[in-house]
Amino acid sequence: MKRLIIILLAMVSAAAFADVEIIVTASRIEEDSKTTPAYVRVIPEEEIDKKTTVLDVLKTIPDISIREFSPARQSISMGGFGDGGYGRTLILINGRPVNRPDMASFDWNSITLASVSRIEIIKGSMSSQYGDQAVAGVVNIITKQPEGLTAIVSASVADTLFNNQSAFVSYGSKTAGVALGMNRVDNNPARDRSDSTILSANIDSFFNFSSIKTKFGFYYSDSKYELPGSLSEAQYNDDPDQAVNQEDEGISLSYGVNGSVGFVAGAVDIFIPVTYSVVDSISDMTSWGSFNDTYIGTSTAGIKVSSSFYAGDSIEITPVGGIDFKQNNLSLDKYSSAARTTQTSKTELKRTDSALWARTKVNYLDTFIIDGGVSYNYSDLNTTPGITHNELVYDIGGIYLVTPELSFNLRYGKVFRYPNFNEQVSYVFGPLTVNSDLKPETGNNLTASITYANKDFYITVAPYLINMVDEIMYNNVTFQNENMGSTIHYGTSVETAFSAGIIEFSTGYAYDHAEYTDTDKIIPRVPEHTVYGSIAVSPVKAVTVSSDGRYSSEFYTDDDNTDSVPGRFEWKKQPRRLRRLQSWCRADLLRELPFPPL
């Protein structure tokens, strides 16, 4: 405990420079990032443009851990949750949740990077605002809105036969607009059986008339990938580029549509979003003897109602609330071989989630801001016997702006996660069985931050503590998932950034400690130390030379803490790789374009 107290009192983290950012995730209320009562980091478009994938962008955040099964299969984790991190960090695209309902990560390749405007990372208790899976925090990916006439084309190639081509075109005015993004990635890395090909595209549009604002979007992604398999410590030391699985591979097709309408009724703002998405995948895991076709269809809808008024001259009160609805449909076809001539079983599951939530934000002269909320969550799984869950969660947070440069932030709340499909129901291997005793896992999340920022320098202190009391884990004795885990997660990140003339420099350090409280064993696949650094030099305005690197320390791969993988350093100018060659052209014609009057 003494070690924990010392760490909580001495932690520092940071982010990139920014003047005014609009955040929609931290409290589901549009607000300036500087007055948001939550630990929020925003990665702007100019930083995103330097990378080739969304995960490359997220690697600049040291307290986000990224696990790559292959270039086409990756997952992220915050808060030291290891292998299960993908189910405890909620992923949003323009505020809509995209996490899968089974034990698999969201397909990061479905995002066209050229269409991304900014990425918001909110660390802390978010369950009362977004429900299931927002245990450690939220990552919200915001796409570009059409403005004037913009065209961007880029291409890159590296000595590992990695090549990437992307294009983005938008056309719009204040009343209407449309944006199209496309991306193609062909990756042939040094490690055997790790090739992948990814094609993605998206369309975003809006149409405004009078006080009504509408949006519509569509996305498509097609991924083909190989899976080389996990290496033991001995195998990694012998040859880190070897593959232990010679025939494992898969295909994943993702697509979806989304739309929303917002309007004002008197003093009340009303927002109604609707989405439908599909993940259709083929998986040939010859090493397991598993040949599956999986179809997941997800529908979401909701309504958000908000208003704002003043109590006196100095206190602004903003109440907001609504209802969220989601339905996940899963269909799994299992075959005896990759030829798919004999179907061995078929499984169909449907889960319906709903949530009623309410929040209030109180702002005193943009100096002291608090917000808090509560939500009631209900879930119904159509099994025999039927499974229902319900959870009441809450959170409260505040920020105190001592000066325009210095602020203090604190947030505490109860968090939860529903069991995934294949935690609640066993259907991947053997006959279908329902685990009716399994309940949602719950815990408490406390996150704080101290931020100092001026024109040329930025630094933040951001400790966190997560205590899970009934975490879902697999019991090797009973051969089923149970609410048997009691874990504690705590740590910090140290990031700092400054600008001096033609040089910009940033560096970050993250410490994450996660252990089982009953055995004191370290949770597997959680690097305790992560370091990131970057430097950019701009001798003239049109030319920038930059480089960055990331180091992750050794981590255990088993619950007994006997096997481990050594630390890893990634640098884009490593000796084994040539400098990436990149060419791009861009035309920005940001002007008012004539549209017919409405």
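Throughout, numbering of the chain's residues begins at 1 and tracks the sequence. Note that the structure is a prediction, hence the values are computed from the model and not measured.
- Without hydrogens or angle criteria, Asn99 side chain to Ile91 main chain gives a donor-acceptor distance under 3.5 Å.
- Arg67 has a carboxylate O that lies under 4.0 Å from a charged side-chain N of Asp83, or vice versa, which qualifies the two as a salt bridge.
- Thr275 and Thr300 form a side-chain donor-acceptor contact under 3.5 Å, judged by distance and modelled atom types alone.
- Atom CG in Leu58 sits 11.5 Å away from atom OG in Ser65 (nearest 0.5 Å).
- At least one donor-acceptor pair under 3.5 Å links the side chain of Thr214 to the backbone N or O of Phe207.
- Note: Ile369 CD1 to Leu401 CG = 5.5 Å, rounded to the nearest 0.5 Å.
- Although no hydrogens or angles enter the test, the distance criterion places a donor-acceptor pair under 3.5 Å between the side chain of Thr507 and the main chain of Tyr532.
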Exercise. I would like to know whether Phe498 and Phe505 meet ring-ring contact (aromatic ring centres under 6.0 Å, His included); could you show each step before the answer?
Key: CA-CA 6 Å; Phe498 66 87; Phe505 176 79; 5.6 Å; yes
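- Residues Ser77 and Gly85 share a closest heavy-atom pair of OG-CA, 3.5 Å.
- Put simply, the side chain of His529 never gets that close to the backbone of Tyr511: no donor and acceptor are under 3.5 Å apart.
- Side-chain polar atoms of Asn454 and Asp456 form no donor-acceptor pair below 3.5 angstrom.
- To the nearest 0.5 angstrom, Ile315 atom CD1 is 11.0 Å from Phe368 atom CZ.
- The two residues Tyr458 and Thr496 make their nearest non-hydrogen contact at O-OG1, 3.4 Å.
- Side-chain contact between Asp63 and Arg41 is present, with heavy atoms from C-beta onward closer than 4.5 Å.
- A side-chain donor from one of Tyr464 and Asp512 sits under 3.5 Å from a side-chain acceptor of the other.
- Asp324 has no carboxylate O lying under 4.0 Å from a charged side-chain N of Arg96, or vice versa, which leaves the two without a salt bridge.
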Quiz item: Which is it for Gln129 and Trp357 under the side chain to side chain contact (heavy atoms under 4.5 Å, CB included) test, yes or no, and what are the steps along the way?
Solution: CA-CA 7 Å; Gln129 303 176 49; Trp357 59 274; over 6 Å; no
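- To the nearest 0.5 Å, atom CD1 of residue Ile93 and atom OG of residue Ser110 are 5.5 Å apart.
- Ring planes of Phe408 and Tyr400: parallel class, angle under 30° (limits at 30 and 60°).
- Without hydrogens or angle criteria, Asn140 side chain to Gly95 main chain gives a donor-acceptor distance under 3.5 Å.
- Using a 4.0 Å cut-off between charged nitrogen and carboxylate oxygen, Glu47 and Arg118 do not count as a salt-bridge pair.
- A salt bridge is defined here as a Lys NZ or Arg NE, NH1 or NH2 lying under 4.0 Å from an Asp or Glu carboxylate O, and Asp548 with Lys51 meets this definition.
- With hydrogens and angles disregarded, no donor-acceptor distance shorter than 3.5 Å links the side chain of Ser552 to the backbone of Arg568.
- When side chains are defined from C-beta on, Val279 counts as touching Arg100, because their heavy atoms get closer than 4.5 Å.
- Annotation: side chain of Ile122 is in contact with side chain of Glu120 (closest heavy-atom distance under 4.5 Å).
- Tyr418 has its ring centre less than 6.0 Å from the ring centre of Phe416.
- Residue Ile523 holds its CD1 atom at 4.0 Å from NE2 of His489, rounded to the nearest 0.5 Å.
- Geometrically, Lys304 engages Phe271 in a cation-pi contact, judged by NZ or CZ lying under 6.0 Å from the ring centre and within 45° of the ring axis.
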Quiz item: What's the verdict on side chain to side chain contact (heavy atoms under 4.5 Å, CB included) for Thr360 and Ile317, showing C-alpha distance, side-chain angles and the deciding distance?
Solution: CA-CA 7 Å; Thr360 299; Ile317 300 175; 3.9 Å; yes
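- Contact annotation: the side chain of Asp107 approaches that of Ser221 to within less than 4.5 Å [non-hydrogen atoms, C-beta and beyond].
- The main-chain N or O of Phe216 is found under 3.5 Å from a side-chain atom of Ser205 such that the two form a donor-acceptor pair.
- The two residues Pro527 and Ser553 make their nearest non-hydrogen contact at CB-O, 3.7 Å.
- Once rounded to the nearest 0.5 Å, the distance linking CG of Asn444 with OG of Ser127 reads 10.5 Å.
- Scanning all heavy atoms of the two residues, the minimum distance from Ala167 to Ala114 falls at O-CB, 4.0 Å.
- Using a 4.5 Å heavy-atom cutoff, the side chains of Asp353 and Asn377 are not in contact.
- Between the side chain of Asn183 and the main chain of Ser115, no donor-acceptor pair closer than 3.5 Å is present.
- The existence of a salt bridge linking Lys361 and Glu316 is excluded, since no basic side-chain nitrogen approaches an acidic carboxylate oxygen closer than 4.0 Å.
- Residue-environment remark: OH (Tyr364) stays at or below the threshold of 12 foreign heavy atoms within 6.0 Å.
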Practice problem: Any chance you could lay out the side chain to side chain contact (heavy atoms under 4.5 Å, CB included) test for Tyr490 and Ile488, step after step, and finish with the verdict? | Solution: CA-CA 7 Å; Tyr490 58 86; Ile488 186 170; 4.1 Å; yes
Quiz item: Checking side chain to side chain contact (heavy atoms under 4.5 Å, CB included) for the pair Asn445/Val135: CA distance, chi angles, key distance, verdict?
Solution: CA-CA 8 Å; Asn445 187 320; Val135 174; 5.6 Å; no
Exercise. Start with the C-alpha gap between Asn94 and Thr143, add the side-chain angles, then the distance that decides, and say whether side-chain hydrogen bond (donor to acceptor under 3.5 Å, both in side chains) holds.
Key: CA-CA 7 Å; Asn94 294 325; Thr143 57; 2.9 Å; yes
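- Arg550 places no side-chain N or O within donor-acceptor distance of the main-chain N or O of Thr60, the cut-off being under 3.5 Å.
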Exercise. Determine, stepwise, if the pair Asp56 / Thr53 fulfils side-chain hydrogen bond (donor to acceptor under 3.5 Å, both in side chains).
Key: CA-CA 5 Å; Asp56 283 341; Thr53 68; 3.3 Å; yes
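- Of all heavy-atom pairs between Asn409 and Pro37, the closest is OD1-C, 3.4 Å.
- A cation-pi arrangement is found for Lys144 relative to Phe168, the charged atom lying closer than 6.0 Å to the ring centre and inside a 45° cone about the ring normal.
- Looking only at side-chain heavy atoms (C-beta outward), Ile119 and Ile142 stay at 4.5 Å or farther from each other.
- When every heavy atom of Ser200 is checked against every heavy atom of Thr112, the shortest pair comes out as OG-OG1, 3.2 Å.
- The pair Arg359-Asp395 meets the salt-bridge criterion, since a charged nitrogen lies less than 4.0 angstrom from a carboxylate oxygen.
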Quiz item: Does the salt bridge (Lys or Arg N to Asp or Glu O under 4.0 Å) test come out yes or no for Arg88 and Asp132, once each step is laid out?
Solution: CA-CA 8 Å; Arg88 296 171 178 91; Asp132 180 36; over 6 Å; no
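- By the 4.5 Å heavy-atom criterion applied to side chains, Ile121 and Ile61 are counted as neighbours.
- Counting heavy atoms from C-beta outward, Val139 and Phe106 have side chains that stay 4.5 Å or more apart.
- Judged by distance alone, with hydrogens and angles left aside, the side-chain atoms of Thr36 form no donor-acceptor pair with the main-chain N or O of Ala38 at under 3.5 Å.
- Within a 6.0 Å radius of NZ in Lys213, other residues, nucleotides and ligands contribute 12 heavy atoms or fewer.
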